[in-house]
Amino acid sequence: MNTPVGLSTRDRSWRHRRLDPDHSLGLRLTLAATAAFLVLVPFALLALLVLGAWSPLSRLDATITDALHGYAVDHPAWVRLTEVWTHVFGPGPLRVAAAAVVGWLLWRGAPRLALWVVTTMTVGGLLGALLKLLVGRHRPDLLDPVARAAGYSFPSGHALNATLAAGVLLLVFLPFARHSRVWRGALWVAAALIAVLTGLSRIALGVHWTSDVVGGWLLGVAVVAATAAAFSTWRTRVGRRPARTAREGIEPEVAEPGPDGRHA
């Protein structure tokens with residue numbers, strides 16, 4: 001009779017710790033980890049459909065690609081504008097921007113937040129490259145292409161890296177806007193535009209299927225959510241209060257000058 005009671009007590013204790021906002025594995029971390037898992041589920045399903053060449057998905061991809069390609073062929077100015085966007089917000093420039101943020105964070109005395117930025121960008125980039133090789137999906141093969149790209153197609157590296165960079169920059173700079181609803185909204189809108197428009201530019205240029213881009217978005221969100229959850233674990237373990245991520249980022253202290261006036 002004692003064993004079930006003991007198990008029940010431990011079970012309640014386990015649930016309590018994960019629903020306790022003040023515990024190192026409390027409510028906020030549990031919700032963040034759950035969010036990461038829930039985003040990975042549709043990504044995994046999409047990857048399986050791509051691997052299985054599911055006919056409805058293939059037809060949808062082809063329909064969207066043909067429509068956008070037809071528009072691009074008839075509008076060279078649109079193609080040039082899209083090419084500029086896709087190059088400016090490509091993986092290379094975004095990684096340079098992330099590296100600049102890392103340097104700035106180190107200068108401010110926030111090495112753990114800098115490490116989070118490096119980890120998020122690196123893990124996401126490596127996962128994307130590995131999945132491209134594993135899935136081995138070919139890019140659209142158009143008769144009159146307006147742009148070309150090398151390598152496999154799923155997931156879109158541009159969409160993935162734009163989502164990673166947008167998420168990283170958003171969570172790093174939200175602390176500086178936590179007292180202004182307007183600036184917070186502007187940061188969220190800017191992050192969404194970078195991720196969404198970069199992904200759409202790849203479809204518009206005919207170098208990715210729509211499902212490639214959606215896969216890149218989903219994987220990027222999952223990686224940012226997972227690494228942010230891990231960072232939240234460290235915060236609570238060192239005694240810092242749980243951060244309201246959507247409002248003040250993952251390390252609000254980065255916006256607060258320290259004794260030397262430089263760091264959080």
Side-chain angles (χ1 to χ4, degrees), residues 39 42-98 121-122 124-168 190-224:
V39 175
F43 173 80
L45 177 60
L46 181 61
L48 288 174
L49 294 177
V50 169
L51 278 169
W54 191 49
S55 296
L57 180 62
S58 299
R59 288 196 297 270
L60 179 61
D61 277 337
T63 299
I64 296 174
T65 293
D66 290 343
L68 290 178
H69 179 64
Y71 184 86
V73 169
D74 295 334
H75 298 82
W78 164 254
V79 174
R80 289 193 293 271
L81 177 63
T82 307
E83 286 179 331
V84 169
W85 183 279
T86 200
H87 288 311
V88 170
F89 293 98
L94 289 177
R95 287 167 185 158
V96 171
M121 295 298 295
T122 302
L126 291 177
L127 275 177
L130 177 61
L131 286 167
K132 278 181 180 286
L133 293 175
L134 291 176
V135 176
R137 189 187 202 186
H138 294 291
R139 295 177 184 270
D141 186 13
L142 304 172
L143 292 176
D144 187 19
V146 298
R148 297 185 183 277
Y152 291 121
S153 191
F154 182 90
S156 165
H158 277 68
L160 169 60
N161 283 279
T163 304
L164 292 172
V168 161
L193 285 177
I194 289 174
V196 172
L197 294 182
T198 302
L200 293 179
S201 72
R202 306 304 285 169
I203 307 171
L205 291 173
V207 295
H208 272 295
W209 305 107
T210 300
S211 53
D212 298 334
V213 169
V214 173
W217 288 335
L218 290 173
L219 183 60
V221 171
V223 170
V224 171

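As the structure is a computational prediction, the values presented were derived from the model and not from experiment.
- No more than 12 heavy-atom neighbours from other residues, nucleotides or ligands sit within 6.0 angstrom of CG on Asp141.
- Rounding to the nearest 0.5 Å places OG of Ser201 at 11.0 Å from CG of Leu68.
- With Val196 as the fixed residue, the side chain to side chain contact (heavy atoms under 4.5 Å, CB included) test singles out one of Ile194, Leu193, Leu200: Leu200.
- Contact of the Leu160 side chain with the Leu127 side chain is not registered, since no non-hydrogen atoms from C-beta on lie closer than 4.5 Å.
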Pair Val84, Val88 - check side-chain contact (heavy atoms from CB on, under 4.5 Å), show working. CA-CA 6 Å; Val84 169; Val88 170; 4.1 Å; yes

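- For Pro155 against Gly215, the heavy-atom pair with the smallest separation is CB-C, 3.9 Å.
- Using a 4.5 Å heavy-atom threshold, the side chains of Lys132 and Phe154 count as separate.
- A heavy-atom distance below 4.5 Å is not found between the side chains of Leu130 and Leu126.
- At least one side-chain heavy atom of Val223 sits under 4.5 Å from a side-chain heavy atom of Leu164.
- To the nearest 0.5 Å, the span separating CH2 on Trp54 from CG on Leu45 amounts to 8.5 Å.
- Within the 4.5 Å cutoff, the side chain of Thr198 has no heavy atoms near those of the Asn161 side chain.
- When all heavy atoms of Pro140 and Thr65 are compared, the closest pair comes out as CB-CG2, 4.3 Å.
- Contact between Ala195 and Ala162 at its shortest, heavy atoms only, is CA-CB, 4.0 Å.
- By the 4.5 Å heavy-atom criterion applied to side chains, Val73 and Val146 are counted as neighbours.
- A donor-acceptor pair is defined here as one N or O able to donate and one able to accept, closer than 3.5 Å; no such pair exists between the side chain of Trp209 and the backbone of Ser153.
- Side-chain atoms of Arg137 never come within 3.5 Å of backbone atoms of Tyr152 as a donor-acceptor pair (strictly under, hydrogens ignored).
- Aromatic ring pairs are classed by plane angle as parallel below 30°, tilted from 30° to 60° and perpendicular above 60°; the pair Trp85 and Phe89 is tilted.
- Tested against Phe43, the residues Leu131, Val214, Leu48 include a single side chain to side chain contact (heavy atoms under 4.5 Å, CB included) partner, Leu131.
- Between Ala159 and Gly199 the shortest heavy-atom distance is CB-CA, 4.1 Å.
- From His208, atom NE2 reaches atom CG of Asp61 across 12.0 Å, with rounding to the nearest 0.5 Å.
- Separating the NE2 atom in His158 from the NE2 atom in His87 is a distance of 7.5 Å, to the nearest 0.5 Å.
- Contact of the Arg202 side chain with the Asp212 side chain is not registered, since no non-hydrogen atoms from C-beta on lie closer than 4.5 Å.
- Annotation: the span from Leu81 atom CG to Thr86 atom OG1 amounts to 11.0 Å, rounded to 0.5 Å.
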Between Asp144 and His69, is the side-chain contact (heavy atoms from CB on, under 4.5 Å) condition met? List the steps. CA-CA 9 Å; Asp144 187 19; His69 179 64; 4.2 Å; yes

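- Residue Gly90 comes nearest to Pro93 through the heavy atom pair O-CD, 3.3 Å, listed as atom of the first residue, atom of the second, then distance.
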